[in-house]
Protein chains: 2
Amino acid sequence: MYRNKTCGELRLSNVGEKVTLAGWVQSVHNLGALTFVDLRDRYGITQLAFNEDAAEELKQTAQKLGREYVVQATGLVAERYSKNKNLPTGEIEIIVETLNIVNESLTPPFTIEENSDGGDDLRMKYRYLDLRRPVVRKNLELRHKFAFEVRRYLDSQGFLEIETPILVNSTPEGARDFVVPSRMNPGQFYALPQSPQTLKQLCMVAGLDRYFQICKCFRDEDLRADRQPEFTQIDCEMSFVEQEDILQMFEGMSRHLFKTLKGIDIPELPRMTWADAMKFYGSDKPDTRFGMKITELKNTQKDNASQELVESIFPECFQVFDNAAYIGAICCEGQAVYTRKQIDQLTDFVKRPQIGAKGLVYARVEEDGNVKSSVDKFYQQDILQVLKEKMGAKAGDLILILSGDDAMKVRKQLCELRLEMGSRMGLRPKDKFSCLWIVDFPMYEWSDEEQRLMAMHHPFTSPKPEDIPLLDSDPASVRANAYDMVVNGVEVGGGSIRIHDAKLQQKIFEILGFTPEQAQQKFGFLMNAFKYGAPPHGGLAYGLDRFVSLFAELDSIRDVIAFPKNNSGRDVMLDAPGVIDQVQLDELQIALNLKTDE
Amino acid sequence: MYRNKTCGELRLSNVGEKVTLAGWVQSVHNLGALTFVDLRDRYGITQLAFNEDAAEELKQTAQKLGREYVVQATGLVAERYSKNKNLPTGEIEIIVETLNIVNESLTPPFTIEENSDGGDDLRMKYRYLDLRRPVVRKNLELRHKFAFEVRRYLDSQGFLEIETPILVNSTPEGARDFVVPSRMNPGQFYALPQSPQTLKQLCMVAGLDRYFQICKCFRDEDLRADRQPEFTQIDCEMSFVEQEDILQMFEGMSRHLFKTLKGIDIPELPRMTWADAMKFYGSDKPDTRFGMKITELKNTQKDNASQELVESIFPECFQVFDNAAYIGAICCEGQAVYTRKQIDQLTDFVKRPQIGAKGLVYARVEEDGNVKSSVDKFYQQDILQVLKEKMGAKAGDLILILSGDDAMKVRKQLCELRLEMGSRMGLRPKDKFSCLWIVDFPMYEWSDEEQRLMAMHHPFTSPKPEDIPLLDSDPASVRANAYDMVVNGVEVGGGSIRIHDAKLQQKIFEILGFTPEQAQQKFGFLMNAFKYGAPPHGGLAYGLDRFVSLFAELDSIRDVIAFPKNNSGRDVMLDAPGVIDQVQLDELQIALNLKTDE
């Protein structure tokens, strides 16, 4: 070893020991006769001291050190005169006796510090330097620990980690596949798995009982911000279970992770139906760190989220509300101080095309209990008092109201408004965690594009047994044995109980519009396997990158990934993808066929 | 849960408990009034009993059960009248009260038993049924435990598991890459990694200090038996280390694995130089479960394996030996009983084209100490006695001699002969383990095909410091800081100390025949990274599939892989690879270009 101690471990109790450290030069401070060097490794920073009475050659070597030089230093641990309380090693320094420059370094293109001066592109190009920043490195350390604790928990529960192949076949439903031409099977392609869904179900047919895998998955999608073409999933499946068993098992895992990695005891996870989540939060992944639930002020249509009609609290006189099918509102505690300008900003916010509201109605509850509103030319104070009561608002509160023709659309707008207000009001601190299960998802959602019912989860998801009779009469109202785990408004995982009965599966395919032949062609290998004694089974999958980024209290998943790709799917450090040789194309028996009009 | 106990856990102490089990019907025995069903799950087999006095309907249900039906049974645990000592649950049975057929099964295409009647192809097509066989399932359980213990050990030693990307760029040296067309970057391709070699070195440049990863690697090679296009590697790298540190660290890992998984305390790993391995075993992966080392009887040339010349013990009179550059022999203890016919078989064995020897000379040491040989018409008994003494042979031993023009070729032939004799003599039991390090590999090997020196390991491998002066004068004799771990004649892992000095790296590229421009083009991103303070580093990688199959005492890696591919790279269960739509080809802007003459 080039060292016998790391830069993170020496304390006052080590004073007098002769040690050898190795690491990178963080900084050099020349104070005339004295030179100090901060030496950094993965474990910390330790100060090297070159004293007045040090050999001239040694002092000269120290003075010519540049940032990020790799050095090895031997010397005695000494108590520091001026201690640094911010560093665990800040009470000691090394009085260097020998110094060996192991490798030099060019001046790095950005500073290797907590707050780097490097932009995103530069940081990604020199990711190996970016990763030297403790703030980035800590995320990878957390990711390692997270994955390890997942394995420790699942192993203790009898799960087997089974590796499924990466070179598989094209999946029939879902996003676009990445494909790999097969040289040995000319004209044929492997696909990279979007998830090991069918393979893990085959593991259950194989009697492996409890499967998991932390595995790479691939989707060739146009990348929105914070998506990666390859991502990592914690994929799990269990046999002979009902929904309750899965919820218990993975609630246990979350508890284990929060406890061991964050030192937090999370309470029992509340369960919210999909319908309630949509009704009260306008989202199937509500951020429950704060309340500010949606109140329905008018609802003229029944849908999956709300079976109860709500008569408008407003008498007919304001066309916008009179014509709306749905009116909903949130109450923002203590925000009556919002100025007209701030309200205008909020109005602009909800009118942005991504949100799409037509306008925003507000109502302030004043100190004397009176309500002042943007619509008080239409409504008398007694009506506004009904509003106040309905919203549970008190003096100083601000009520924000949206309305429209489509309840579901307005709910989603209210969701965005609620999240915005939550952020503005400081109700979404990253170090507070609120976890819950969303259950009772609908089996299907209507696709305007395809003009048919689509599986909301995937076509192997089991309906709730009590809803099976509805499959014939009212399939759109059938609920699934599907569930998501939501943390701070982020869906970290989700899954379902699967169908294990071939006849029920056939019926589901019919509803999805497949002929028996199409079903056989697309899902044949799984359907065949199900003929040989498929056990009842179910599971779920977590997005590891996302879950870790929540634990790391980051907004983006990028910094929990060692070598992420940019929004064009490029690794700018490796400069991948790249062109390949004609020889290689010929061997694969494919040719480029580039569109010339692009 | 469909059960409250598994089929593997009930014992006499559970008698009287009411339990519910779920699993697969292994077999049904109808004994007139009594019916017994063996119920199987991952954890074991438990006997269900349907007694004379059971309800008629229950008995009828039991009698119509077929093999591999999935059932759920509730009843009382009772002591068995006729106990089965071969089963951990063999002392009890369940007196069934309710029986629920959860799923039916077609008759499986082969028996789900230790020794299946299914051929390889059928087993692979129905891999989900094959995996129900306990003998196959145990391998996957072992693999899970193996990987978990690797992680536990490395975590305890401060290693971080860092995921590196699967969509990378084409590697400059090595086997053929699998490639993935990039839709977002038309005309460009990702490559799947043959190993994360350069990425793990970048992790060291990034200061991550101790990296590991259990990861998929990919090679598009024509598949020999027991190779897979995707395979799993335990990939490791450490900074600020010398060779000795790596050997100690990973010897520790092996010790941990043997101890926790096999209950075996392995002794300290011997270290053998590559030269000695070639000289005494004719292989860089010697099977040291047994001795039978090669003795040089004549060696007229110096080479990397042997710097000492050996004058022939045979006087000139037998042309084959007279003209040979090298004569080597092994002594097979107690095998003088070999008949002429058996010797002929051995002669055929070494003359097979895969081995390529011209012939085989033998010498038997008889009870009286006299030596009888196939060449005793050329040599007097006194010469044969010298042979006997040189070989350390005693009465009853059989000496086998090969000779030829090329010492290295004959050594390899002797290696094959030695392994064959070891197998015949029962000296290679699968439950005995002999581990060692092979060290001091040559840096280069001459390629007849390319007519140049090639890197034996890879071009980033560091030469031994004391051999650096030879880089100019005699590069072929330079030894590398490279090492392999060998277990029972199988190379389970290998690695090297890497070059961290840009100038030395440049020199190595020159010797390999790269111009500075070519080196920059091929290895630029790594070379650039090395300009910013690369620490000394080194590592190694284990083949997980191979290592686990040794622990599982299997000949093939296939049965430690859940879903392996066949020799054409096909997954016959998934029927992958397959054709893809024209739409997909168009999106990727590629076209098929199938050779018509095939």
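Chain letters run A, B, ... following the sequence lines, proteins first, then strands; residues in each count from 1.
Proximity to chain B is limited to the side chain of A:E587, based on heavy atoms less than 4.5 angstrom apart. Contact annotation for A:K565: only side-chain heavy atoms (C-beta onward) come within less than 4.5 Å of a heavy atom of chain B. Residue B:R210 touches chain A through both its backbone and its side chain, counting heavy-atom pairs closer than 4.5 Å. Only the side chain of A:D245 comes within contact range of chain B, with at least one heavy atom under 4.5 Å from a heavy atom of that chain. For B:D222, the parts lying under 4.5 angstrom from a heavy atom of chain A are both the backbone and the side chain. Residue A:E221 touches chain B through its backbone alone, counting heavy-atom pairs closer than 4.5 Å. Looking at B:I162, only its side chain comes within 4.5 Å of chain A, counting heavy atoms on both sides.
Side-chain atoms of B:R570 and A:Q188 form a donor-acceptor pair, as typed in the model, at a separation below 3.5 Å.
Between chain A and the residues B:E68, B:E242, B:E244, B:K216, the largest count of heavy-atom pairs under 4.5 Å involves B:K216. Comparing B:P181, B:A502, B:P229, B:A529 by heavy-atom pairs within less than 4.5 Å of chain A, the highest count is held by B:A529.
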Verdict with reasoning, B:M204 to A:Y128, per side chain to side chain contact (heavy atoms under 4.5 Å, CB included)
CA-CA 8 Å; B:M204 295 303 100; A:Y128 45 86; over 6 Å; no

Steps toward side chain to side chain contact (heavy atoms under 4.5 Å, CB included) verdict (B:N169, A:D575)
CA-CA 7 Å; B:N169 53 353; A:D575 198 21; 5.6 Å; no

As a quick check of understanding, evaluate side chain to side chain contact (heavy atoms under 4.5 Å, CB included) for A:L199 and B:L574, giving each step before the final call.
CA-CA 9 Å; A:L199 285 160; B:L574 298 177; 4.1 Å; yes

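Side-chain contact between B:R151 and A:E161 is present, with at least one heavy-atom pair separated by less than 4.5 Å.
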